[in-house]
Amino acid sequence: QQRAAASAAAALAGAFHNPFDDRKMQPGWLEVVDDDTGNTYYYNQTTGESQWEKPIVLAEGWVMGRDPATGHAYVYQLPEPWVELKDERDGQPYYHNVKTDE
């Protein structure tokens, strides 16, 4: 019975994927140490913005959306065969279906 429970727990854990890639930093952001506190903060060289929270980088195949009614952010995994690409001109993401070429 314990083996069955452990096996089920392992299968369930494998069914969920972490949508965040903690190994990467968003382009333009630097990790900086505050001289006064010794704490790490993040600085965007392009915008001049700084924040204590590490900027979110999503793992490949995950997309962040925003509910227009509430403004809440959420992440979801793109269904196959869709992939996220970046527009070469402005860097904005767009989505392409590799099977239908949409």
Side-chain angles (χ1 to χ4, degrees):
Q1 189 175 12
Q2 282 183 329
R3 280 188 196 160
S7 178
L12 184 59
F16 295 99
H17 302 284
N18 181 3
F20 304 107
D21 188 342
D22 295 334
R23 298 166 296 166
K24 295 181 182 175
M25 182 78 72
Q26 282 186 358
W29 287 89
L30 296 174
E31 192 171 296
V32 183
V33 176
D34 182 276
D35 291 334
D36 296 331
T37 65
N39 293 329
T40 300
Y41 69 96
Y42 302 91
Y43 174 74
N44 187 307
Q45 302 173 79
T46 305
T47 66
E49 178 184 2
S50 62
Q51 62 188 45
W52 293 107
E53 300 82 22
K54 186 174 184 176
I56 294 174
V57 176
L58 296 175
E60 187 174 331
W62 289 84
V63 178
M64 181 173 288
R66 189 165 299 277
D67 184 324
T70 65
H72 294 130
Y74 57 91
V75 294
Y76 60 95
Q77 194 166 19
L78 285 174
E80 288 187 30
W82 290 90
V83 295
E84 181 181 50
L85 301 172
K86 302 271 185 205
D87 187 298
E88 293 177 9
R89 294 167 293 176
D90 60 13
Q92 292 297 310
Y94 67 95
Y95 304 95
H96 176 74
N97 185 311
V98 295
K99 281 190 178 176
T100 64
D101 211 21
E102 292 178 65

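Sequence positions, counted from 1, serve as the residue numbers for this chain. These numbers come from a predicted model, not from an experiment. No hydrogens, no waters, no symmetry mates; every other heavy atom, side chains included, goes into these values.
Distance check: Lys86 NZ to Gln92 CD gives 8.0 Å after rounding to the nearest 0.5 Å. Of the inter-residue distances, the one linking Asp90 atom CG with Glu88 atom CD reads 10.5 Å to the nearest 0.5 angstrom.
No path of Ile, Leu, Val, Met, Phe, Trp and Tyr side chains, each step under 4.5 Å between heavy atoms, connects Trp82 with Tyr94, placing them in separate hydrophobic clusters. Leu85 and Leu78 fall into different hydrophobic clusters, where Ile, Leu, Val, Met, Phe, Trp and Tyr side chains are chained together by heavy-atom contacts under 4.5 Å.
Contact detail for Arg66 and Gly71: the closest heavy-atom pair is NH1-O, 2.6 Å. Here the closest heavy-atom approach between residue Gly48 and residue Tyr43 is recorded as O-CE1, 3.6 Å.
Within a 6.0 Å sphere centred on CD of Glu80, other residues, nucleotides and ligands contribute 12 heavy atoms or fewer.
Listed by chain and number, the residues in a side chain to side chain contact (heavy atoms under 4.5 Å, CB included) with Gln51 are Trp29, Tyr42, Glu49, Glu53, Pro55 (sequence neighbours excluded).
Judged purely by atom type and a 3.5 angstrom limit, His96 uses its side chain to pair as donor or acceptor with the backbone of Glu102.
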Under 3.5 Å, which donor-acceptor pairs do the side chains of residues 31-41 form with other protein atoms, sequence neighbours left out?
from: Asp34; atom 1: OD1; to: Asp36; atom 2: N; distance (Å): 2.9
from: Asp34; atom 1: OD1; to: Thr37; atom 2: N; distance (Å): 2.8
from: Asp34; atom 1: OD1; to: Thr37; atom 2: OG1; distance (Å): 3.2
from: Thr37; atom 1: OG1; to: Asn39; atom 2: N; distance (Å): 3.1
from: Thr37; atom 1: OG1; to: Asn39; atom 2: ND2; distance (Å): 3.4

